[in-house]
**Q** 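I'd like to ask you about the structure that follows.
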Amino acid sequence: MRDQVVLISGGATGIGRGIAFYLGDLGAKVAICSRTQENLDKAVTELQQAGVDAMAHVCDIRKPDQVERTVGAVLQRYGQLDVLVNNAAGNFPALLKDLSYNGFRTVVDIDLNGTFNLTKACYSAWFAEHGGCIVNISAPFEGAGIPYQAHAAAAKAGVNSLTRTCAVEWRGQNIRVNAIEPGPVSDTEGMQRLNSELSVQTRNAVPACSPRDIGKAVAFLASDDARFISGQCLAVDSGSGVDLLKLSLAE
Ligand code: COA
């Protein structure tokens with residue numbers, strides 16, 4: 001990853017932060033974006049203290065104009081863009097009966113439309129001409145009914161579909177596109193929220209990896225070692241995927 005330029009959405013906290021630090025440790029130049037300046041400032045300071053060449057840009061990925069400005073800022077600072085990690089996501093546990101029109105739309109807008117927005121902006125500004133690599137952080141939801149996650153599961157199924165279509169449409173342009181489906185990841189807000197809905201038995205049954213473990217999978221997919229891998233959705237979950245589809249919910 002040395003001197004590769006990586007843009008990570010939602011890179012200030014949780015899984016995105018773990019990816020930023022892992023790729024930074026490998027020598028990548030790391031650009032992170034998120035909605036919250038305070039989180040970005042903290043993460044960039046910590047990355048720089050760790051010796052990583054890092055920058056941050058405030059961006060709501062639902063807003064195409066903000067997305068385009070962010071990609072422009074990265075190109076202005078580093079003069080290239082090698083890897084896009086679509087990690088930013090919004091989520092909350094809610095049964096369908098409690099999900100408002102706006103609640104469903106908001107999560108789909110962040111998780112699916114936001115991924116498209118950043119993907120398209122990076123493609124138009126850089127990847128179309130120079131090639132590149134995209135890694136989408138999805139979820140192990142596809143092919144199952146996921147109580148409390150109707151909005152996120154629909155959005156992430158869309159992300160997986162987008163991953164495959166981008167890979168096919170752009171394979172002649174030296175652009176690889178893959179997704180990672182993390183199982184439970186410790187120290188993340190999403191996991192804290194979801195945990196409150198799961199039974200103790202389920203929580204204990206499914207092992208959690210760290211955000212850094214997801215960074216390792218991103219590094220592999222972004223590396224030349226994966227040069228023939230595109231259009232794939234890779235579960236990173238210690239093989240717990242089958243169990244995840246059978247989560248028992250707390251009463
Ligand atoms: N249960 C039910 N509905 C909820 C909800 C919950 N826990 N949290 C938010 N919503 C609904 C809101 O009520 C609103 O719908 P309404 O207008 O019909 O009332 C809608 O979702 C949008 O919420 P709002 O907070 O106004 O939107 P936002 O754009 O500021 O933030 C999220 C949306 C999803 C990002 C928000 O939940 C959030 O800030 N989450 C923290 C970050 C996060 O999601 N981390 C986990 C990543 S996996």
Side-chain angles (χ1 to χ4, degrees), residues 8-20 32-43 56 58-67 70 85-118 135-142 144 146-160 162-163 179-198 202-203 206 208-215 217-218 233 235-237 240-241 244 247 249-250:
I8 306 166
S9 66
T13 55
I15 293 175
R17 185 177 184 279
I19 296 169
I32 56 176
C33 65
S34 89
R35 284 194 293 173
T36 315
Q37 183 78 61
E38 194 185 341
N39 292 346
L40 288 171
D41 289 345
K42 184 168 180 291
V58 172
C59 178
D60 183 338
I61 59 170
R62 290 171 286 192
K63 310 272 169 54
D65 56 330
Q66 293 187 28
V67 164
T70 300
V85 183
N86 278 309
N87 164 79
N91 196 358
F92 51 82
L95 289 170
L96 281 163
K97 68 181 173 60
D98 302 320
L99 204 44
S100 70
Y101 296 114
N102 191 35
F104 188 91
R105 184 170 51 238
T106 298
V107 169
V108 172
D109 208 11
I110 299 170
D111 295 16
L112 177 57
N113 298 350
T115 294
F116 173 77
N117 293 341
L118 207 42
V135 181
N136 296 324
I137 306 303
S138 184
F141 292 160
E142 210 177 13
I146 312 287
Y148 290 98
Q149 291 287 277
H151 42 1
K156 296 296 192 178
V159 167
N160 286 2
L162 190 61
T163 300
I180 288 172
E181 298 177 345
V185 183
S186 58
D187 303 327
T188 60
E189 189 180 340
M191 204 51 217
Q192 280 165 11
R193 288 175 176 221
L194 196 58
N195 259 341
S196 62
E197 307 295 344
L198 302 179
T202 301
R203 261 182 271 162
V206 182
C209 72
S210 72
R212 202 171 167 83
D213 289 314
I214 305 303
V218 172
C233 302
V236 178
D237 63 356
S240 63
L244 269 176
L247 293 178
L249 301 166

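Just follow the structure's listing: the first ligand is 1, and inside any ligand the first atom is 1.
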**Q** What residues form a side chain to side chain contact (heavy atoms under 4.5 Å, CB included) with A139, not counting sequence neighbours?
**A** F141, K156

**Q** Quick one: do the T13 and N39 side chains pair a donor with an acceptor below 3.5 Å?
**A**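 Looking only at side-chain atoms, N39 and T13 do not form any donor-acceptor pair under 3.5 Å.
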
**Q** If we count only N and O atoms by modelled type, under 3.5 Å, do the side chains of N117 and Q66 hold a donor and an acceptor together?
**A**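 N117 vs Q66: no donor-acceptor pair found between side chains.
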
**Q** Do you know which two heavy atoms are closest between G14 and T188, and how far apart they sit?
**A** CA-CG2, 4.1 Å

**Q** Using the test ring pair (Phe, Tyr, Trp, His ring centres under 6.0 Å), find all partners of F92 that sit at least two apart in sequence or belong to another chain.
**A**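 For F92, the residues satisfying ring pair (Phe, Tyr, Trp, His ring centres under 6.0 Å) (neighbours in sequence not counted) are H151.
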
**Q** Partners of D187 by side-chain hydrogen bond (donor to acceptor under 3.5 Å, both in side chains), sequence neighbours excluded?
**A**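 Per chain and number, D187 pairs via side-chain hydrogen bond (donor to acceptor under 3.5 Å, both in side chains) with no residue.
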
**Q** What residues come within 4.0 Å of ligand 1, counting heavy atoms only?
**A** R35, R62, A89, G90, N91, F92, S100, N102, G103, T106, I110, E189, G190, R193

